[in-house]
Amino acid sequence: ASLGQSVHQTAQRFERILETAFEDIIVVGGGAKNSLFCQLMADACGKRVTSYSLEATSLGNMAHQLLAAGAVDSLEAFHALLLPSLSPKVYHPRD
């Protein structure tokens with residue numbers, strides 16, 4: 001199976017477990033920089049894929065450092081601080 005199909009199957013499993021449907025899939029890290037991969041994922045899943053060219057490991061580390069230092073009081077607050085500086089790219093499923 002293709003990597004896009006694998007993402008689709010995994011998303012379906014999470015939707016069943018959580019009993020909710022995802023509107024889109026968010027991609028960060030190395031895969032987010034590959035536009036072909038992101039488009040194939042959108043096509044396979046039939047969902048919007050939003051990619052952010054940032055490194056997830058570094059971002060997670062930064063979030064937890066700021067939480068530990070008391071600079072932010074929640075992950076939501078960290079997200080609100082980060083959001084204005086992000087440049088997402090959105091891929092829509094093709095028919």
- Straight-line distance of Leu66 CG to Asn61 CG, nearest 0.5 Å: 9.5 Å
- Cluster check Val7, Phe22: I/L/V/M/F/W/Y, side chain < 4.5 angstrom: no
- Could you pull out all residues at least two apart from Arg94 that satisfy side-chain hydrogen bond (donor to acceptor under 3.5 Å, both in side chains)? Asp43
- Tightest non-hydrogen contact, residues Gly4 and Cys45, listed as O-SG, 4.3 Å
Side-chain polar contacts of residues 28-37 - donor-acceptor pairs under 3.5 angstrom, sequence neighbours left out - could you list them?
residue: Lys33; atom: NZ; partner: Glu55; partner atom: OE2; Å: 2.9
residue: Asn34; atom: OD1; partner: Leu36; partner atom: N; Å: 3.1
residue: Asn34; atom: OD1; partner: Phe37; partner atom: N; Å: 2.9

- Knowing that exactly one of Asp24, Ile25, Val27 qualifies, which makes a side chain to side chain contact (heavy atoms under 4.5 Å, CB included) with Thr50? Asp24
- Message: Which residue is it: Gln39, Met41, Lys47? I am looking for the one with a side chain to side chain contact (heavy atoms under 4.5 Å, CB included) to Tyr91.
- Response: Gln39
- Could you give the distance from OG1 (Thr10) to CD (Gln5), rounded to the nearest 0.5 Å? 10.5 Å
- Message: Restricting to non-hydrogen atoms, name the atom on Ala42 and the atom on His92 that form the minimum distance, rounded to 0.1 Å.
- Response: CB-C, 4.0 Å
- Query: Can you tell me how far the OG atom of Ser74 sits from the CG atom of Leu67, to the nearest 0.5 Å?
  - Reply: 7.0 Å
Would you give me the side-chain donor-acceptor pairs under 3.5 Å for residues 78-89, sequence neighbours excluded?
residue: Ser85; atom: OG; partner: Leu82; partner atom: O; Å: 2.8

- Worked verdict on Leu40 versus Leu3 for side chain to side chain contact (heavy atoms under 4.5 Å, CB included): CA-CA 8 Å; Leu40 292 174; Leu3 191 51; over 6 Å; no
